[in-house]
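Worksheet: one structure, shown below.
Values in this document were obtained by computation on a predicted structure and should not be read as measured data.
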Amino acid sequence: MLSLPFSSMCTAQSRKGKQLSFVSSLVNLMFLSTALMCAVKDSTSCVLILTQVSSTYLYQWLGTLPLKEPRMSWRPTYRSSKFRNVYGKVANREHCFDGIPITKNVHDNHFCAVNSKFLAVVTESAGGGSFIVIPVSQSGRLDSHHPKVCGHNGNVLDIKWNPFCENIIASCSEDTSVRVWEIPEGGLRRNMMEAVLELYGHSRRVGLIEWHPTSSGILFSAGYDYKILIWNLEIGEPVKMIDCHTDVILSMSFNTDGSLLATSCKDKKLRVIEPRSGRVLQQASCKNHRVNRVVFLGNMKRLLTTGFSRWNTRQIALWDQEDLSMPMVEEDIDGLSGLLFPFYDADTHMLYLAGKGDGNIRYFEITTEKPYIQYLMEFRSPAPQKGLGVMPKHGMDVAACEVYRFYKLVTLKGLIEPISMIVPRRSDTYQEDIYPMTAGTEPALSASEWLSGIDRDPVLMSLKDGYHRPNQVVFKVPVKEKKSVVVNGIDLLENVPPRTENELLRMFFRQQDELRRLKEELTTKDVRIRQLELELNNLKNVSPNNA
């Protein structure tokens, strides 16, 4: 009778997967035998019970003896997630964009910007910088004489579409300027030379620009003069300068309502800044983790950075935005040398990592509980990527369960490939669990409201019936008098001094061409003046004879 509870207990333990070692079994037998000797007076019954229990433990130990694997954790090897089977799908060749002279500039940027109407790509050009704008619906091979936006005097380093007005795009360049362009409906029909706004304020080339996520008329620019300028496009003037950085600014990222700005800098510091006052709220000196790129993780009050470890392996780190004393998680990715670009989807809490020069895109799921970063899968491709553009949410194909779309720049082929990240679903109905309310194309604030200290969350929209509502935002060009700062007969605002040797040489040759043109024009006008003088003398000689 006493043997039954012990045997059933051992069987239950074996079913639970708790494998006991031989030493622990002997200890248990010793305690058991002592208890039985005290409780059972019949020695024969005691021996039978001990024999049965010992044989049970012995068989259990013998069953575990060949298993040399380490003890497994009770946690499952994967967590249940609706995005665990997300896969990447490359568009067919006829839906790609071919024959595009993608820039060969080595600046660490994407050189590509996408919205639901247009695709903009920085191109290779001589005598200044340019980029092309193609309607998203007009895929295929590009005409070699396709019109360009070519008003910059130096290489274009970054381009960004206005999130609230899809015909407005901003660009920055090595010529120290930031320019705002208005693309006509249907795309360009001729080369565009004149910008809607030309913004000068940096003393060196401008490498980064970012639109404010909730205000329609606020633009941020970061230059190689270590300064960030905040532009109010309603008046066309800078309204604030952030000068807390001591080296080149590598990246900028806003939180959801635009009240905080995170920056990574070449001085190995990560900063969280209140942009209106320019005050640094949090700062981290990243010695073990050299930060290159930073991105806010939506409303989770987390920051994610990509960079390199002290052993030069590519690494990601997760930070608490309110405490940057040390990262919450650090995870090595691989040993390659290309820069890792992070892309975060706040609707699905998915993080995408794409390396410059790589052909693959890794994606993870971000959670609020440990381990915080959960690896999902990897998209592989043999073609290396120079940069990636991202389609906004309202441009997704909801019927195909598309949750993210990249536009991959393949420089060697002059090709741009759309890559759709798709959640496999059997049903053809609208999947509300993967398409929550998302940020729309209506601004929550005007520029003056944001500058006065008001913060609001983005205006949300639903993708259930598709996005067909026309945009009511109209970009108004500020009317202002032209200012000038004249020193020794030279307008300093019109003639920005060169900062590098290449800029000096370009300016020199441009001035030589201008002088040659003016001399030819002067010679032509001198000849014309002589002709008019001769005609005037002839008229004077003729008039007395007629009199």
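Asn232 contributes no side-chain N or O that, together with a main-chain N or O of Val239, makes up a donor-acceptor pair within less than 3.5 Å. Judged by distance alone, with hydrogens and angles left aside, the side-chain atoms of His394 form no donor-acceptor pair with the main-chain N or O of Ser116 at under 3.5 Å.
Ser446 and Ser448 form a side-chain donor-acceptor contact under 3.5 Å, judged by distance and modelled atom types alone. Between the side chains of Glu449 and Ser452, no donor N or O sits under 3.5 Å from an acceptor N or O. Between the side chains of Thr103 and Thr123, not a single donor N or O lies within less than 3.5 Å of an accepting N or O.
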Taking it one step at a time, do Glu274 and Arg276 satisfy salt bridge (charged side-chain N to carboxylate O under 4.0 Å, His left out)? CA-CA 6 Å; Glu274 203 289 316; Arg276 281 179 289 246; 3.6 Å; yes

Evaluation steps, salt bridge (charged side-chain N to carboxylate O under 4.0 Å, His left out), between Lys393 and Asp345: CA-CA 9 Å; Lys393 275 290 181 175; Asp345 183 4; 3.0 Å; yes

Evaluate Lys227 against Asp243 for salt bridge (charged side-chain N to carboxylate O under 4.0 Å, His left out), listing each step before the verdict. CA-CA 5 Å; Lys227 294 178 176 58; Asp243 57 353; 5.9 Å; no

Take Thr306 and Asn292, measure what side-chain hydrogen bond (donor to acceptor under 3.5 Å, both in side chains) needs, and give me the verdict at the end. CA-CA 6 Å; Thr306 64; Asn292 279 328; 5.9 Å; no

What verdict does the side-chain hydrogen bond (donor to acceptor under 3.5 Å, both in side chains) test give for His152 and Ser171, after you've listed the backbone C-alpha separation in whole Å, the side-chain angles of each residue and the deciding distance to 0.1 Å? CA-CA 9 Å; His152 281 287; Ser171 62; 2.7 Å; yes

Using the rule given for side chain to side chain contact (heavy atoms under 4.5 Å, CB included), can you reason through Leu270 versus Thr305, listing the C-alpha separation, both sets of side-chain angles and the distance that settles it, and then say yes or no? CA-CA 9 Å; Leu270 173 66; Thr305 59; 3.9 Å; yes

Between Leu261 and Val272, does the side chain to side chain contact (heavy atoms under 4.5 Å, CB included) criterion hold? Intermediate values first, please. CA-CA 6 Å; Leu261 173 69; Val272 176; over 6 Å; no

Before giving the answer on side chain to side chain contact (heavy atoms under 4.5 Å, CB included), spell out for Leu142 and Asp98 the whole-Å C-alpha distance, their side-chain angles and the decisive distance to 0.1 Å. CA-CA 6 Å; Leu142 187 72; Asp98 198 3; over 6 Å; no

Residue pair Leu260, Ile273: steps toward the side chain to side chain contact (heavy atoms under 4.5 Å, CB included) verdict: CA-CA 6 Å; Leu260 296 177; Ile273 303 169; over 6 Å; no

Stepwise, does the side-chain hydrogen bond (donor to acceptor under 3.5 Å, both in side chains) test hold for Asp358 with Gln385? CA-CA 6 Å; Asp358 299 353; Gln385 57 219 7; 5.5 Å; no

Passes side-chain hydrogen bond (donor to acceptor under 3.5 Å, both in side chains), Asp526 versus Thr523? Steps please. CA-CA 5 Å; Asp526 285 340; Thr523 303; 5.5 Å; no

Pair Glu174, Arg204 - check salt bridge (charged side-chain N to carboxylate O under 4.0 Å, His left out), show working. CA-CA 7 Å; Glu174 290 182 350; Arg204 298 185 65 184; over 6 Å; no

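Remark: Phe508 CZ to Asp513 CG distance equals 10.0 Å, nearest 0.5 Å. Between atom NE2 of residue His107 and atom CG of residue Asp158 there is a gap of 6.5 Å, rounded to the nearest 0.5 Å. Atom CZ of residue Arg141 and atom CZ of residue Arg93 lie 8.5 Å apart, to the nearest 0.5 angstrom. Once rounded to the nearest 0.5 Å, the distance linking SG of Cys172 with CG of Leu219 reads 9.0 Å. Rounding to the nearest 0.5 Å places CE of Met350 at 6.0 Å from CE of Met421. Separating the CG atom in Leu250 from the CG atom in Leu208 is a distance of 8.0 Å, to the nearest 0.5 Å.
Taking the six-membered ring for Trp and the full ring otherwise, the centers of Tyr352 and Phe406 sit less than 6.0 Å from each other. Ring pair His110/Tyr407: centre-to-centre distance not below 6.0 Å.
Taking the side chain as every heavy atom from C-beta outward, Trp450 and Ile230 approach each other to under 4.5 Å. The side-chain heavy atoms of Leu233 and Leu199, taken from C-beta on, include a pair separated by under 4.5 Å. By the 4.5 Å heavy-atom criterion applied to side chains, Leu388 and Leu409 are not counted as neighbours. Between Gln531 and Val527 there is a side-chain heavy-atom pair separated by less than 4.5 Å. In this structure the side chain of Leu304 never reaches within 4.5 angstrom of the side chain of Tyr344, judged on heavy atoms. Within the 4.5 Å cutoff, side-chain heavy atoms of Ile159 are placed close to those of Val156.
Sequence neighbours left out, the pairs with a member in residues 213-236 that pass ring pair (Phe, Tyr, Trp, His ring centres under 6.0 Å) are Phe220-Phe254.
Here the closest heavy-atom approach between residue Pro458 and residue Ala439 is recorded as CB-CB, 3.9 Å. Smallest separation of non-hydrogen atoms from Asp397 and Tyr435: O-OH, 3.8 Å. When all heavy atoms of Leu119 and Cys112 are compared, the closest pair comes out as CD1-SG, 3.6 Å. In this structure, Trp161 and Val114 approach most closely via the heavy-atom pair CD1-N, 3.6 Å. Listed here is the closest heavy atom pair of Phe296 and Ala262: CE1-CB, 3.4 Å. Residues Ala120 and Phe131 share a closest heavy-atom pair of CB-CD1, 4.4 Å.
Counted within 6.0 Å of NZ on Lys268, heavy atoms from surrounding residues, nucleotides or ligands total 12 or fewer; the atom is thus considered open. The environment of Arg517 atom CZ is dense: over 12 non-hydrogen atoms of other residues, nucleotides or ligands sit within 6.0 angstrom. No more than 12 heavy atoms of other residues, nucleotides or ligands shown are found within 6.0 angstrom of CD on Glu194.
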Which donor-acceptor pairs under 3.5 Å do the side chains of residues 410-419 make with protein atoms, sequence neighbours left out?
none

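In this pair, Phe341 and Phe343 present their aromatic rings tilted. The plane angle is within the 30 to 60° band.
Salt bridge present: Lys356 and Asp108 bring a charged side-chain N and a carboxylate O closer than 4.0 Å.
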